[in-house]
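Computed from a prediction, not measured in an experiment: that's the story for all the values here. Atoms within each ligand, like the ligands themselves, are counted from 1 in listed order.
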Amino acid sequence: MFACAPGLPLPDGFLFGASTSAHQTEGGNTNSDWWQLEQHGAVAEPSGDAADSYHRWPVDIDLLAELGFTDYRFSIEWARIEPAPGCFSRAALAHYRRIVEYARERGMRPMVTLHHFTLPRWFAERGGWSAPDAVDRFARYVAATAPVIATDVEHVCTINEPNMVAALLPRVTAGGERPTGTGLPLPDPGLTRTLVEAHRAAVAAVRAISPTIRTGWSVASQGCQAVPGAEEVTAAYRHPREDVFLEAARQDDWIGVQAYTRTRIGPAGPLPVPEGAERTLTGWECYPDALGEALRHTAEVVGEVPIIVTENGIATADDRSRIAYTHRALDGLAEALADDLDIRGYFHWSALDTYEWGSFRPTFGLIAVEPETFLRVPKPSARWLGRIARSRTLPSAR
Ligand code: IFM
């Protein structure tokens, strides 16, 4: 077991928390496009009741607060808030508002994600992001979230992993699962443009709700590493899959880094995971240095924009591996902070074992969820990371 030895004190105001998303935890998200896909057998396993967080969210917040975390990132569900075009549910808005207020009562700062992969069925049926009025409809939804975010919320994430949406959404909605091949498919350029536009419209809508909310979006780091001689190929691979989304954040209040693993690139493109390398339950290479490397790459692209780690973690059934991975990832964070990168927070993915887009098998959670009873059981990693959060000091760097 790693000790929480005195190390690097965190900057004042540093956010230290855990993340979840609505569809992956709430359960019964029946009005969303993902639920629809699940019912049509497009993925191996449906989300069903997920972790039943739609009802058990106070337990989740209580646990995180007791463990020592000071921040909670969660998403609100567009399909619940706007179940039909232009029809906004006061009950759904009040539900999410209670989460914000309760988090504050428990001494936790809520970070609210407005869109985390799932869309209302009606929006998807009308062409989704390809519909001519998609951006306006998203902006109208964002404006309607005012009762949730107008007060007590300091950070809003407009769209989670727009680069994964642009690369994978066309394939998922065509009825296929996530591609399992090497590397990420090339994002659809039209979809990329629309998502950037939707982000800008959402930032404007949030600023109109409250100019004090700090708004950004979270990009999935591809962890691109060039083998010698493949530098140009790597830059060409990375730009449409990552950098274009980072560049779009240059006017934002912060940029979210979500880092898990790496992609090695050779002269002919992405290479398979090295022979014999340890893999996680998602099949990704276990590569904790991904976080430090992603922070440095992001800083190079966005310049002065503050960075928040909005996701980092590992899918494993062995909680000791989770601690080992996270310890090393935090070393990368500590080194980046020591080198004066402007990093304002760290959120672990995930607070709970959640629905991992087609399967419950890859467990990312700090807190286990008993599938029959939904009982929450914090793992040793939750206590270990909570102690670090409470100490406001990162373990000593390597
Ligand atoms: O579970 C996902 C999350 O929804 C988005 N970022 C990556 C996580 C792990 O795959």
Side-chain angles (χ1 to χ4, degrees), residues 17-27 29 32-35 37-38 43-47 50-51 53 72-79 111-119 157-169 171-172 177-180 183-185 187 195 216-223 241-242 245 255-263 273 279-288 290-291 294 298 308-317 321-322 325-326 329 346-367 369:
S19 292
T20 59
S21 87
H23 188 77
Q24 291 175 272
T25 55
E26 287 181 346
N29 189 19
S32 72
D33 62 339
W34 255 88
W35 181 275
L37 281 167
E38 292 165 15
V43 292
E45 205 179 352
S47 56
S53 288
Y72 180 41
R73 173 179 179 239
F74 65 97
S75 73
I76 59 176
E77 187 59 47
W78 184 2
M111 172 187 274
V112 175
T113 302
L114 300 171
H115 170 55
H116 192 123
F117 294 164
T118 44
L119 296 166
C157 171
T158 60
I159 300 177
N160 180 75
E161 294 184 350
N163 50 336
M164 301 305 271
V165 175
L168 298 180
L169 187 68
R171 284 146 192 95
V172 173
E177 294 190 39
R178 285 189 191 191
T180 50
L184 190 67
L195 290 167
W217 69 355
S218 292
V219 175
S221 164
Q222 299 307 301
R241 290 171 177 82
E242 180 176 338
F245 298 90
I255 174 72
V257 164
Q258 314 212 144
Y260 293 90
T261 188
R262 66 172 170 175
T263 311
V273 170
R279 287 177 184 252
T280 70
L281 289 176
T282 44
W284 305 339
E285 182 183 353
C286 178
Y287 187 73
L291 180 58
T298 301
I308 300 175
V309 179
T310 39
E311 287 184 22
N312 168 246
I314 175 174
T316 177
S321 299
R322 187 177 336 279
Y325 174 98
T326 309
Y346 174 87
F347 288 82
H348 194 80
W349 183 272
S350 174
L352 306 174
D353 283 343
T354 64
Y355 178 65
E356 179 57 21
W357 307 108
S359 170
F360 283 96
R361 198 173 153 266
T363 42
F364 280 91
L366 296 168
I367 299 170
V369 179

Specify side chain, backbone, both or neither for H116, according to which of its non-hydrogen atoms lie closer than 4.0 Å to ligand 1.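 Within the 4.0 Å criterion, H116 contacts ligand 1 through side-chain atoms alone.
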
So, regarding W357 and ligand 1 (criterion: nitrogen or oxygen to nitrogen or oxygen, under 3.5 Å), is there a contact or not? yes

Hey, is ligand 1 close enough to N160 that some N/O pair sits below 3.5 Å? no

Element-labelled atoms of ligand 1 that are located less than 4.0 Å from some non-hydrogen atom of [X]:
X	value
Q24	1 (O), 2 (C), 3 (C), 4 (O)
E311	3 (C), 5 (C), 6 (N), 7 (C), 8 (C)
E356	1 (O), 2 (C), 9 (C), 10 (O)
E161	5 (C), 6 (N), 7 (C)
F117	4 (O), 5 (C)

State whether the side chain of R322 and the backbone N or O of L366 hold a donor-acceptor pair below 3.5 Å, judged by distance alone. no

Would you say the side chains of R73 and T310 form a donor-acceptor pair under 3.5 Å?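 Side chains of R73 and T310: no pair found under 3.5 Å.
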
Have a look at N312 and tell me which of Y325, Y260, F347 forms a side chain to side chain contact (heavy atoms under 4.5 Å, CB included) with it.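 Filter result, single survivor: Y325.
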
Is there a heavy atom of W284 sitting under 4.0 angstrom from any atom of ligand 1? yes

In this structure, does ligand 1 have an atom that sits under 4.0 Å from one of the heavy atoms of T282? no

Less than 4.0 angstrom from a charged side-chain N to a carboxylate O is my criterion; do R361 and E45 meet it? no

For Y72 and S19, what are the C-alpha separation, side-chain angles and deciding distance, and is it a side chain to side chain donor-acceptor pair (under 3.5 Å)? CA-CA 6 Å; Y72 180 41; S19 292; over 6 Å; no

Between S47 and Q24, does a side chain to side chain donor-acceptor pair (under 3.5 Å) hold up when you go through it step by step? CA-CA 7 Å; S47 56; Q24 291 175 272; over 6 Å; no

Are H116 and W349 an aromatic pair, judged by ring center distance below 6.0 Å?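 Yes, the ring centres sit under 6.0 Å apart.
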
